[in-house]
Amino acid sequence: GLGDSVTWGYGASDRKETAAFWVALRRVKKGGLDARFLNLASNGSTSFDHVTSQIPALTQHVNGLRTALGPDAFKDFMSRVRVEVMLTSGGNDVLHDHGTAGTTPRPDAMFGCSTAQARAWAPMFARRLRRLVDAVEQEFPGRARIHLATIFDPTDGTGLIEKLPRMSDPTSDADWASKASHLPAWTSGRSAGLEVLEIWNGVIREVASGAANVALVDMHALFTGHGY
C-alpha cells in the first residue's frame with residue numbers, strides 16, 4: 001500500500017482491516033497464490049510526502065529483497081510475482097493546515113484555497129501521481145497493478161466541512177488528530193471547497209485513464225449518499 005490514511009488504515013484496530021490488505025488478499029486468492037503484505041502508507045501524508053518518502057522506501061524494500069535473494073533468485077522471483085498496489089493520494093493536500101489563522105493556502109496545504117489556485121496547482125499534482133505510478137512500474141516492470149482511488153467527500157455534497165464531528169483514532173498521533181478536528185468553514189466558500197475537491201479528483205481520473213497499469217477506484221462515488 002502507498003499513500004495516506006485511507007490506505008494506512010485510519011481508525012482500524014488491525015492493519016489487516018485496511019483497504020490495501022483486502023485489495024491484495026482478494027486479488028491473490030483469486031489467482032490461488034501466496035501473498036506478502038507491505039504497507040508503506042502513512043497517516044496525514046500528502047502527495048508530496050508520497051513522492052519524497054514512500055518512493056525511496058519502496059526502492060529500499062526492493063533492493064533489500066534483491067540482496068536477500070541474490071541475483072538469480074531475484075530475477076526468477078520478479079518473473080513470477082504479481083504486485084497489487086492500493087494508492088490513495090491527494091486528500092491531505094486539500095485538507096492540510098485546516099484554515100489555520102494566518103496560514104496562506106499552498107500546494108501542500110490547500111485548505112481554503114480558491115478554484116483558480118487549485119487549477120493552477122493541478123498539473124503539479126498530476127506529475128506527482130505519475131511519478132508514483134512510474135516508480136511502481138520501474139520497481140516491478142510489467143508485474144504491478146495499481147488501484148488508484150479518488151478522494152471521498154466527507155461532507156457528502158453539502159460543503160459544510162465545519163459541521164463534521166471530531167475525528168478520533170486511538171492508534172493515531174494525538175496532535176495530528178486534534179488538528180483534524182473542528183475544521184473551519186472553507187475560506188472561499190463551501191461551493192469552492194467542493195469544486196476544489198472535484199478538480200483534484202479530475203486529476204486522479206485523468207492519470208488513471210492514461211496508464212495501462214492503473215485501475216480507478218472511485219471512492220468518491222462509492223461514498224456519496226452515505227451521509228456525514
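- Put simply, the side chain of S45 gets close to the backbone of G3: a donor and an acceptor are under 3.5 Å apart.
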Exercise. Could you walk me through whether D108 and R106 pass the side-chain contact (heavy atoms from CB on, under 4.5 Å) test, one step at a time?
Key: CA-CA 6 Å; D108 62 335; R106 60 183 192 270; 2.7 Å; yes
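- Considering only heavy atoms from C-beta on, L197 comes within 4.5 Å of H220 through its side chain.
- F140 and I146 end up in the same hydrophobic cluster when Ile, Leu, Val, Met, Phe, Trp and Tyr side chains are linked at under 4.5 Å.
- Closest non-hydrogen pair, R143 versus M78, comes out as CG-O, 3.4 Å.
- A salt bridge is absent between R130 and E137; no separation between the charged side-chain nitrogens and carboxylate oxygens falls under 4.0 Å.
- Here the straight-line distance linking atom CE of M124 with atom CG of L129 works out to 12.5 Å at 0.5 Å rounding.
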Exercise. Mind running side-chain contact (heavy atoms from CB on, under 4.5 Å) on V136 and L2 for me, showing each step along the way?
Key: CA-CA 10 Å; V136 172; L2 296 170; 3.8 Å; yes
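- D93 places a side-chain N or O within donor-acceptor distance of the main-chain N or O of S47, the cut-off being under 3.5 Å.
- Proximity of W121 to I199: side-chain heavy atoms (C-beta onward) are nowhere separated by under 4.5 Å.
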Quiz item: Can D4 and H50 be said to form a side-chain contact (heavy atoms from CB on, under 4.5 Å), step by step?
Solution: CA-CA 8 Å; D4 53 33; H50 305 157; 4.1 Å; yes
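- Side-chain contact check for V62 versus F74: some heavy-atom pair is nearer than 4.5 Å.
- Contact check for L148 versus L132: no side-chain heavy atoms found under the 4.5 Å cut-off.
- Checked by atom type and distance alone, the side chain of N39 pairs as donor or acceptor with a backbone atom of T7 at under 3.5 Å.
- Applying the ring pair (Phe, Tyr, Trp, His ring centres under 6.0 Å) test to every pair with at least one member in residues 187-207, sequence neighbours left out, gives these pairs: F125-W200.
- Across every non-hydrogen atom of Q54 and L40, the tightest pair is CD-O, 3.3 Å.
- When every heavy atom of D76 is checked against every heavy atom of S79, the shortest pair comes out as O-OG, 2.6 Å.
- Under a hydrophobic clustering in which Ile, Leu, Val, Met, Phe, Trp and Tyr are joined whenever their side-chain heavy atoms come within less than 4.5 Å, directly or via other members, V196 and F48 fall into different clusters.
- Annotation: side chain of L216 is in contact with side chain of T150 (closest heavy-atom distance under 4.5 Å).
- Closest of all the heavy-atom pairs between Q117 and S114 is OE1-N, 2.9 Å.
- In this structure, S89 and R128 have side chains that are not in contact, with every pair of non-hydrogen atoms separated by 4.5 Å or more.
- To the nearest 0.5 Å, the span separating OG1 on T115 from CD on E198 amounts to 12.5 Å.
- The heavy-atom pair separating A211 from V133 by the smallest distance is CB-CG1, 4.3 Å.
- Atom CZ of R205 is surrounded by more than 12 heavy atoms from other residues, nucleotides or ligands within 6.0 Å.
- The two residues P105 and G112 make their nearest non-hydrogen contact at CG-C, 4.0 Å.
- Considering only heavy atoms from C-beta on, T155 comes within 4.5 Å of L194 through its side chain.
- A distance-only check finds a donor-acceptor pair linking the side chain of D156 to the backbone of G225 [under 3.5 Å].
- Linking ILVMFWY side-chain heavy atoms closer than 4.5 Å, directly or via other members, places V85 and L65 in a single hydrophobic cluster.
- Considering only heavy atoms from C-beta on, V207 stays 4.5 Å or farther from V214 through its side chain.
- From I55, atom CD1 reaches atom CZ of R131 across 5.5 Å, with rounding to the nearest 0.5 Å.
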